[in-house]
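Working notes for the structure below.
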Amino acid sequence: MPSPRGTTHSLKKPEERGTRLQDNLLAWYAAHARDLPWRRTRDPYRTLVAEVMLQQTGVGRVLPKYEQFLQRFPTLEALASAPVAEVIRTWAPLGYNRRAVYLSRAAIAVIEKHGGAIPQEPELLRRLPGIGPYTASAIACFAFGQDEPVVDTNIRRVLVRLLLGARDPRTVSAREVTGLARQVLPRGRAAEWSQALMDIGAGLCARDRPSCSLCPARPRCAAAPSFLKQPPAPRRVAESRPYYGSPRYFRGRIVEALRSREAVQGLTMAALGPHIKEGYAVEDEPWLLDLLKGLARDGLVRLAAERVVLP
DNA sequence: AAAGCGGGGAC
DNA sequence: GTCCCAGCTTT
């Protein structure tokens, strides 16, 4: 599966071999890679499912859901032909339920516009619902083996520290980070490389407490000297609004209520309300209706004949 | 550029 | 209780 070694260092003298950043990190990865189920396949459909699940959802929470979802929807065709309601049900409890809707729509779009074959080019992948810059390049690279730079928050942080030093990764533009990523990408080994950077970002190059002394990139890292003296300043928290009681919270409650067995035929607002809010009363109906309209816009519920139901 | 979108687990 | 996490879409 892994391609032959790149030739980028073939002109270097023998004694310099193994001293390149890429060689160090790829060797470290060969010994320390996390054994994750989506790394055991290059099937584009399985890769697509994994990458969408991993959007803003930690590895530990995707792990138990991944195989279960694939068992329920083993192929792209199975996913495309399933009712969206089933996809939304199976999606729980990953959160960001719109992803389930997008994933369903993406499967349908692949059938209708690409003859059932997930496209290889990032520009084409990017046009599928729910697939942005990260997911498009991840599929192109991990499933199709393209030398495509992949940039997620982990890789962004690692590359910025490695190449630009101890500064806030968020202050670097996406364009610049992608440029850096492309610049250091080892030809022919891009998938291993990006996954190595992800593992380093997740396990060693932590946001607040980087373990520079354990890091294979330390000798080449622009930020390590600084961090070894003093860890990075903890990120200042943006004033976060309370989650409980927020529209987001109630949206989640609504979708969760509709997932239940009793709600397969849908629920009236009067029946739904008490499931959502303590002490729900008729005067709360406009409030609930607003939430439902938002969910309907997102394709997460359908409003029909006095009833609310998963689409 | 900024807001909105979930929810389980770590602390 | 607060904060985090392999982003994307819409305004």
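Chain letters run A, B, ... following the sequence lines, proteins first, then strands; residues in each count from 1. Atom set for the values below is all heavy atoms of this structure, side chains included, hydrogens, waters and symmetry mates excluded. As the structure is a computational prediction, the values presented were derived from the model and not from experiment.
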Under 3.5 Å side-chain donor-acceptor pair for Thr90(A) and Gln68(A)
no

Want to settle it: does Arg157(A) or Ala136(A) sit nearer the 5' end of DNA chain C, counting the closest nucleotide to each?
Arg157(A)

For the side chain of Arg126(A), starting at C-beta, report the closest nucleotide among dT9(C), dC8(C), dC5(C).
dT9(C)

Write down the distance between OH (Tyr134(A)) and P (dC5(C)), rounded to a whole number of angstrom.
15 Å

Distance, rounded to the nearest Å, where Arg170(A) contributes CZ and dC5(C) contributes P:
10 Å

Under 4.0 Å between any heavy atoms, over every strand shown, what does Leu197(A) touch: base, sugar-phosphate, or nothing? Just pick one.
nothing

Distance between the C1' atoms of dA6(C) and dC11(B), in whole angstroms?
23 Å

Atom CG of Asp208(A) and atom P of dT2(C): how far apart are they, to the nearest Å?
18 Å

Take Arg40(A) and Asp35(A) through the salt bridge (charged side-chain N to carboxylate O under 4.0 Å, His left out) test and state the conclusion after the steps.
CA-CA 8 Å; Arg40(A) 291 174 165 270; Asp35(A) 182 18; 2.9 Å; yes

Do Arg89(A) and Glu86(A) pass the salt bridge (charged side-chain N to carboxylate O under 4.0 Å, His left out) test, and can you show the C-alpha distance, the side-chain angles, and the key distance before you say yes or no?
CA-CA 5 Å; Arg89(A) 284 199 173 87; Glu86(A) 274 309 294; 3.4 Å; yes

How far, in whole Å, is dG6(B) from dT11(C) if one measures between their P atoms?
16 Å

Between P of dA6(C) and CG of Leu36(A), the distance in whole Å:
12 Å

Once base and sugar-phosphate atoms are separated, protein heavy atoms under 4.0 Å mark nucleotides 6-11 of chain B, 5' to 3', with B, S and - as BBS---

Which pairs count as side chain to side chain donor-acceptor pair (under 3.5 Å) when at least one residue sits in residues 295-311 of chain A, sequence neighbours excluded?
Arg251(A)-Asp298(A)

Looking at Trp91(A), is Lys65(A) sitting on its ring face, NZ or CZ under 6.0 Å from the six-membered ring centre and within 45 degrees of the normal?
no

Separation of dC5(C) P from Arg207(A) CZ (nearest whole Å):
5 Å

Greater than 12 external heavy atoms within 6.0 Å of Gln230(A)'s CD
no

Rounded to the nearest Å, what distance is computed from the CG atom of residue Asp152(A) to the P atom of nucleotide dA6(C)?
7 Å

When all nucleic acid strands are considered with a 4.0 Å heavy-atom cut-off, which category describes Trp38(A): base, sugar-phosphate, or nothing?
base

Donor + acceptor pair across side chains of Arg99(A), Thr57(A) (<3.5 Å):
yes

In whole Å, what is the span from the OH atom of Tyr29(A) to the P atom of dA6(C)?
15 Å

